[in-house]
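Predicted, not measured: the structure shown is a model, and the values here were computed from it.
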Amino acid sequence: MKDISPASAIAIASEHAAPQSPRRRRVLRAALAGGALAAFGAPAIVRAQASPKIRIGYWPVASGLPFFAAVEKGYFKEAGLDVEAQKFASAQQVMEAMLAGRAEGSSNGTASAVLAIGEIAQPGLFKIFCTNPTNAKFVLDEFVVPKDSVVKSIAELKGKRIGCGPGVQNITLAKVMLERGGATGVTVVELPIGQHVAALAAGQVDAVYTLEPTGTVGRLNGATRTLETGVVAKYILGDAMAPWHGGAASLTSEFLRQHPEAAKKYMAAYLRGVDLVRKSPDAARPYLKGYTAIEGALTAEVPMSDYMFYNEFKPSDVAHFQKFYDLFADKGIFQKRVMVDSLLYKG
């Protein structure tokens, strides 16, 4: 039988293994870790102290900007860190990479509900250290329609075909918001977020629930117009100005445990990216290029998300975050209630 590397073994195991019990996952993880250490010929204590490659999964949406900027500005390199940005087509793929040990964390913009599903699958998998709360002021989420559409409200989407991003968070939110907005009898269709503008222009869908920079791209192309923004805060949280913690940056608990100093340096460098977006958004916006569907001077038009680090959370913020998670428990998407406070990094 041909020999395979530990990395190949991890990939094969993650792609073909049947659903595993917690005990089986621990055994498999231990076996693979042992093989990797043997392959590198280093004692466990040496490996734990070494500065590792930090693989961070991201979804190409505007709220990932602090991470994009930190990579491109060299903040991680200045901290002595080797950070690899991994682009995925959906937040679910980011979580799958974390579960399989192929990523050490997620950037902002990774769907928080998908992270929670990963927590249910493997309790204690990660800790959230930064979220990107949005609402009618800090715009990320929106309903977008073709430029010449006669639709003027969500209620007028009744019976229409509506696109949304891939994954359970986008599907669930789209259906609930349309229902609460008075649009019954709709058909919700999953589409890669990069195809939303083209799908509207081609008449494949009548509207999309989407995330920036989709609305900006479509508007500047003359193909679409925004029907309503801050829709999750309004229809899910009940207040258009409430913070919707729909995306989050995280690190796996295993990485935090094995490389505590590198983790602290990583979060400090990440915070530099957050501060750049907060204080100098015009200087940060160009770093959307190459990571999202918007490029060049058009980046100046993209609205900004807000950002909240773990040590900035107030009880009201946790409460709004919890209300969002409870929707998924109430709808049966989560097998059990997930408590937000237990997922937040404590320092």
Side-chain angles (χ1 to χ4, degrees), residues 58-69 72 85 87-91 107-109 111 132 134-154 156-157 160-167 169-171 173-174 177-178 181 183 186-232 234 246-247 277 281-305:
Y58 75 90
W59 194 33
V61 295
S63 52
L65 183 55
F67 175 67
F68 310 152
E72 296 301 320
K87 182 178 180 178
F88 291 97
S90 68
S107 77
N108 277 104
N132 43 272
T134 54
N135 51 29
K137 178 182 179 181
F138 295 98
V139 175
L140 174 66
D141 50 304
E142 56 200 354
F143 277 95
V144 175
V145 296
K147 180 183 178 181
D148 297 327
S149 172
V150 298
V151 171
K152 292 182 173 58
S153 70
I154 287 180
E156 294 177 34
L157 294 175
K160 303 290 188 181
R161 187 175 173 85
I162 314 299
C164 74
Q169 175 165 311
N170 291 297
I171 296 170
L173 289 176
M177 290 188 294
L178 288 163
V186 299
T187 300
V188 175
V189 183
E190 286 184 83
L191 293 170
I193 197 166
Q195 295 180 17
H196 285 189
V197 172
L200 287 169
Q204 295 173 349
V205 292
D206 301 294
V208 293
Y209 161 61
T210 191
L211 304 177
E212 281 292 339
T214 303
T216 299
V217 171
R219 175 173 59 82
L220 296 177
N221 286 348
T224 70
R225 64 179 173 84
T226 300
L227 183 64
E228 189 172 352
T229 63
V231 288
V232 178
K234 178 178 178 179
V277 176
D282 290 341
R285 279 189 172 97
Y287 299 111
L288 290 167
K289 182 179 179 180
Y291 292 90
T292 71
I294 195 162
E295 297 188 353
L298 301 182
T299 58
E301 301 292 330
V302 179
M304 294 286 96
S305 299

**Prompt:** Given Thr134 and Leu211, is the side-chain contact (heavy atoms from CB on, under 4.5 Å) satisfied, shown in steps?
**Reply:** CA-CA 11 Å; Thr134 54; Leu211 304 177; over 6 Å; no

**Request:** Evaluate the side-chain contact (heavy atoms from CB on, under 4.5 Å) criterion for residues Met304 and Arg285: first the C-alpha distance (whole Å), next the side-chain angles of each, then the deciding distance (0.1 Å), finally the verdict.
**Result:** CA-CA 9 Å; Met304 294 286 96; Arg285 279 189 172 97; 3.6 Å; yes

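For the atom pair CG of Leu157 and CD1 of Ile162, the computed distance is 4.5 Å after rounding to the nearest 0.5 Å. Atoms CZ and CZ, from Arg225 and Phe143 in turn, are 13.5 Å apart once rounded to the nearest 0.5 Å. Of the inter-residue distances, the one linking Asn135 atom CG with Lys234 atom NZ reads 13.0 Å to the nearest 0.5 angstrom. Rounding to the nearest 0.5 angstrom, the gap separating the CG atom in Leu220 from the CD1 atom in Ile294 is 6.0 Å. Note that the SG atom of Cys164 and the CE atom of Met177 stand 9.0 Å from one another [nearest 0.5 Å]. One distance of note links NZ of Lys152 with CG of Leu227; it measures 10.5 Å at 0.5 Å rounding.
Relative ring orientation between Phe68 and Tyr291 is described as parallel, the plane-to-plane angle staying below 30° on a 0-90° scale split at 30° and 60°.
Side-chain contact check for Asn170 versus Ile193: every heavy-atom pair is 4.5 Å or farther apart. At a threshold of 4.5 Å between non-hydrogen side-chain atoms, the residues Tyr209 and Val232 count as touching. Counting heavy atoms from C-beta on, the side chains of Arg219 and Glu301 come closer than 4.5 Å. Residues Phe138 and Ser63 fail the side-chain proximity criterion, which asks for heavy atoms closer than 4.5 Å. Between Tyr287 and Leu65 the shortest side-chain heavy-atom distance falls below 4.5 Å. Here the side chains of Val231 and Glu142 are not in contact, with every heavy-atom distance at 4.5 Å or above.
Under the 3.5 Å distance criterion, the side-chain polar atoms of Trp59 are left unmatched by any main-chain donor or acceptor of Lys87. Between the side chain of Glu190 and the main chain of Gly167, a donor-acceptor pair closer than 3.5 Å is present. Looking at Gln169, its side chain does come within 3.5 Å of a backbone N or O of Gly246 through a donor-acceptor pair. Counting only distance, with no hydrogens or angles, the side chain of Asp206 and the backbone of Arg161 share a donor-acceptor pair below 3.5 Å. With Glu228 contributing its side chain and Ile154 its backbone, the two residues share no donor-acceptor pair below 3.5 Å.
Counted within 6.0 Å of NZ on Lys147, heavy atoms from surrounding residues, nucleotides or ligands total 12 or fewer; the atom is thus considered open.
Scanning all heavy atoms of the two residues, the minimum distance from Thr299 to Pro286 falls at OG1-CA, 3.8 Å. Scanning all heavy atoms of the two residues, the minimum distance from Lys289 to Gly296 falls at CD-N, 4.2 Å. Closest approach of Pro192 to Pro166, counting heavy atoms only: CA-CD, 4.1 Å. Counting all heavy atoms, side chain and backbone alike, Thr229 lies closest to Ala136 at OG1-O, 4.3 Å. Shortest non-hydrogen contact noted between Pro213 and Val302 is CB-CG2, 4.0 Å.
Under the side-chain contact (heavy atoms from CB on, under 4.5 Å) test applied with Val144, the options Thr216, Val217, Leu200 reduce to a single match, Leu200. When the options Thr224, Thr292, Thr226, Val197 are evaluated for a side-chain contact (heavy atoms from CB on, under 4.5 Å) with Thr214, the one that passes is Val197.
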